[in-house]
Colleague: 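Below are the structure tokens for one structure; questions will follow.
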Protein chains: 2
Amino acid sequence: MASATLESPGKPDGVVGTLASSVYDMMRKDILKGDLPPGEKLRVEYLRDRYGVGASPIREALNRLSVDGVVVRVDQKGFRVAEVSVAELDELIKTRCWLEETAIRESIAAGDDAWEERLVLAFHRLSKTPRSADQVTYAMNPDWEVLHRAFHLALIGACESRWLISYCEQLNDLADRYRQLAAYPRRNELDEHKAIMDAAVNRKPDDAVEVLVDHYRRTADIIRDSVDQIS
Amino acid sequence: MASATLESPGKPDGVVGTLASSVYDMMRKDILKGDLPPGEKLRVEYLRDRYGVGASPIREALNRLSVDGVVVRVDQKGFRVAEVSVAELDELIKTRCWLEETAIRESIAAGDDAWEERLVLAFHRLSKTPRSADQVTYAMNPDWEVLHRAFHLALIGACESRWLISYCEQLNDLADRYRQLAAYPRRNELDEHKAIMDAAVNRKPDDAVEVLVDHYRRTADIIRDSVDQIS
DNA sequence: AATGCATAAAATATCGATATTTTATTGACG
DNA sequence: CGTCAATAAAATATCGATATTTTATGCATT
């Protein structure tokens with residue numbers, strides 16, 4: 001953990017947009033995957049070194065991240081990576097289940113063929129991608145993570161509310177952070193993902209909700225002990 | 001409108017916290033009540049004059065506001081006040097109804113005596129406060145607005161999810177912005193607020209949801225034409 | 001040993017200058 | 001008249017210095 005924290009993950013070469021936005025993206029990723037661990041003080045001077053930019057873009061990114069929920073801002077005391085806890089995990093999952101129930105019901109009700117096709121493709125791509133980057137020992141596969149996120153967002157993509165989608169995105173990312181932080185066993189969720197997709201495509205909202213909620217709760221159950229130890 | 005835009009609403013004298021936070025609060029209020037109108041370009045040089053602080057705190061505040069949904073940020077092009085539209089209003093109200101349905105059901109289920117008492121007091125204070133600042137012509141009463149917000153947040157305060165509460169807060173504020181921007185007739189919502197409170201306190205979730213949703217939709221109906229004209 | 005105070009060191013937040021990018025303007029050409 | 005290119009003006013974004021605040025340290029007192 002210490003070496004992961006101190007090692008610079010790279011500089012914003014080939015900058016697109018602004019330095020502040022690049023730093024925001026990089027820092028956000030580092031926090032969500034645990035490279036910047038829960039509770040860590042985010043000192044501007046250290047971050048300048050780590051990301052290779054000046055204090056202003058760093059502070060701008062930190063301000064944005066603080067509204068995202070991954071960074072905690074205290075006036076005059078600076079910024080800190082948001083803590084994790086079992087209570088927080090449970091509240092997060094509970095809220096996620098509420099909101100995604102609404103979102104998936106609305107998507108099933110309003111979703112057209114295009115939505116179905118996006119969902120089917122998202123599942124297909126996810127199912128073709130190895131869950132683990134290593135065949136012997138579980139190792140996080142970044143490709144799978146990207147496709148996994150896309151699959152879950154495709155499920156709710158037809159709910160016709162950018163607000164609800166953005167809230168679900170936020171809760172998704174925060175929940176995934178817990179998964180990255182926890183000791184996660186080899187587990188293949190393929191059948192669960194397929195059951196969710198089938199229920200959605202077959203326009204069975206009650207089934208979809210039940211399987212989806214079960215999926216999220218099961219994940220939380222698996223990682224709960226581990227979260228208790230890192231918090 | 002032009003004079004309201006150009007007139008400085010005050011400087012951060014007696015700064016508490018940081019300049020960035022003070023500017024954030026002031027600018028947020030100015031946007032929500034329409035003093036900084038929809039679509040307006042937020043030029044840093046102008047805001048420096050208006051709020052009397054340097055570019056850095058201005059940019060920091062703008063970055064935070066951009067995640068709030070009241071400001072739109074485009075890299076290399078700066079910041080602009082978020083636009084309004086009828087479609088946006090409808091999506092907002094729809095989402096608000098979904099989320100507050102969940103929040104009020106959960107609050108009714110989990111809320112203890114303390115929650116009831118907070119709600120009863122919030123209603124009481126709201127009912128004692130004149131809806132309009134002027135007895136002849138409707139004029140926005142800031143005191144009523146503060147208590148109105150508190151009442152609605154008290155309703156959902158026992159839902160046991162800080163995420164859901166913060167989303168409802170955001171949607172509440174954005175919906176209230178529409179009310180401030182629109183030509184709003186003299187209307188007294190006292191009976192509606194009472195019906196909502198009674199249903200909640202009497203632990204009747206279906207009634208509470210129905211009256212609450214009706215309340216929000218009615219407001220949207222009242223202001224829709226006016227919103228169409230300012231957007 | 002615990003508490004309080006003063007001072008030094010470290011960190012946070014802001015300022016103003018300046019580098020970079022976008023927008024506006026003007027003139028040439030078809 | 002419309003389009004394109006060049007240039008100037010305006011605006012955005014960043015830098016590094018510095019003012020302000022917080023934290024750490026050392027010493028004295030109870």
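The structure displayed is predicted, hence computed values, not measured ones. Note on naming: letters A, B, ... go to the chains in the order of the sequence lines (proteins, then strands), and numbering restarts at 1 for each one.
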Colleague: For the residue pair B:H152 and B:H193, categorise the inter-ring angle as parallel (less than 30°), tilted (30 to 60°) or perpendicular (more than 60°).
Modeller: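 Judged by the thresholds at 30° and 60°, the geometry between B:H152 and B:H193 is perpendicular.
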Colleague: Can you name the side-chain hydrogen bond (donor to acceptor under 3.5 Å, both in side chains) partners of A:D228, sequence neighbours left out?
Modeller: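 None.
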Colleague: Any idea which heavy atoms bring A:S66 and A:N63 closest together, and the distance?
Modeller: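 Where A:S66 meets A:N63 most closely, the heavy atoms are OG-O, 2.7 Å.
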Colleague: With sequence neighbours left out, what residues match B:R218 under salt bridge (Lys or Arg N to Asp or Glu O under 4.0 Å)?
Modeller: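 Once residues adjacent in sequence are excluded, the partners of B:R218 under the salt bridge (Lys or Arg N to Asp or Glu O under 4.0 Å) criterion are B:E192, B:D214.
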Colleague: Quantified as the angle between the terminal helix axes (five pairs each), what is the overall bend of the helix from C:dA1-D:dT30 to C:dG30-D:dC1 to 10 degrees?
Modeller: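 Taking five pairs per end, the axes differ by 30°.
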Colleague: Using 4.0 Å as the upper bound for N to carboxylate O, is an ion pair formed by A:D68 and A:R28?
Modeller: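 The answer is yes: the pair qualifies as a salt bridge.
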Colleague: Show the nearest heavy-atom pair for residues A:L212 and A:E100, with the distance to one decimal.
Modeller: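 Of all heavy-atom pairs spanning A:L212 and A:E100, the closest is CD2-OE1, 3.6 Å.
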Colleague: For nucleotides 8-12 of chain C, list the nitrogen or oxygen atoms of the protein found under 3.5 Å from its nitrogen or oxygen atoms, one pair per line.
Modeller:
{"residue": "C:dA11", "atom": "OP1", "partner": "A:R43", "partner atom": "NH1", "Å": "3.2"}
{"residue": "C:dT12", "atom": "OP1", "partner": "A:K41", "partner atom": "NZ", "Å": "2.3"}
{"residue": "C:dT12", "atom": "OP2", "partner": "A:V44", "partner atom": "N", "Å": "3.4"}

Colleague: Restricting to nitrogen or oxygen on both sides, can you table the protein-nucleotides 15-17 of chain C pairs closer than 3.5 Å?
Modeller:
{"residue": "C:dC15", "atom": "OP2", "partner": "B:G54", "partner atom": "N", "Å": "2.8"}
{"residue": "C:dC15", "atom": "N4", "partner": "B:S56", "partner atom": "OG", "Å": "3.0"}

Colleague: If the threshold is 4.0 Å, N to carboxylate O, is there a salt bridge linking B:E60 and A:R59?
Modeller: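 Salt bridge between B:E60 and A:R59, a charged N being under 4.0 Å from a carboxylate O: yes.
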Colleague: How would you list, by chain and number, every residue that makes a salt bridge (Lys or Arg N to Asp or Glu O under 4.0 Å) with B:E160, sequence neighbours excluded?
Modeller: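 Scan of B:E160 (salt bridge (Lys or Arg N to Asp or Glu O under 4.0 Å), adjacent residues dropped) gives none.
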Colleague: Starting from P on C:dA13, measure out to OH on B:Y24 and report it in whole angstrom.
Modeller: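 Result: 16 Å.
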Colleague: Checking B:R96 against B:Y216: charged group under 6.0 Å from the ring centre and within 45 degrees of the axis?
Modeller: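 Verdict for B:Y216: a cation-pi partner in B:R96.
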Colleague: Looking at A:Y24, is A:R64 sitting on its ring face, NZ or CZ under 6.0 Å from the six-membered ring centre and within 45 degrees of the normal?
Modeller: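 The answer is yes, since A:R64 meets both limits relative to A:Y24.
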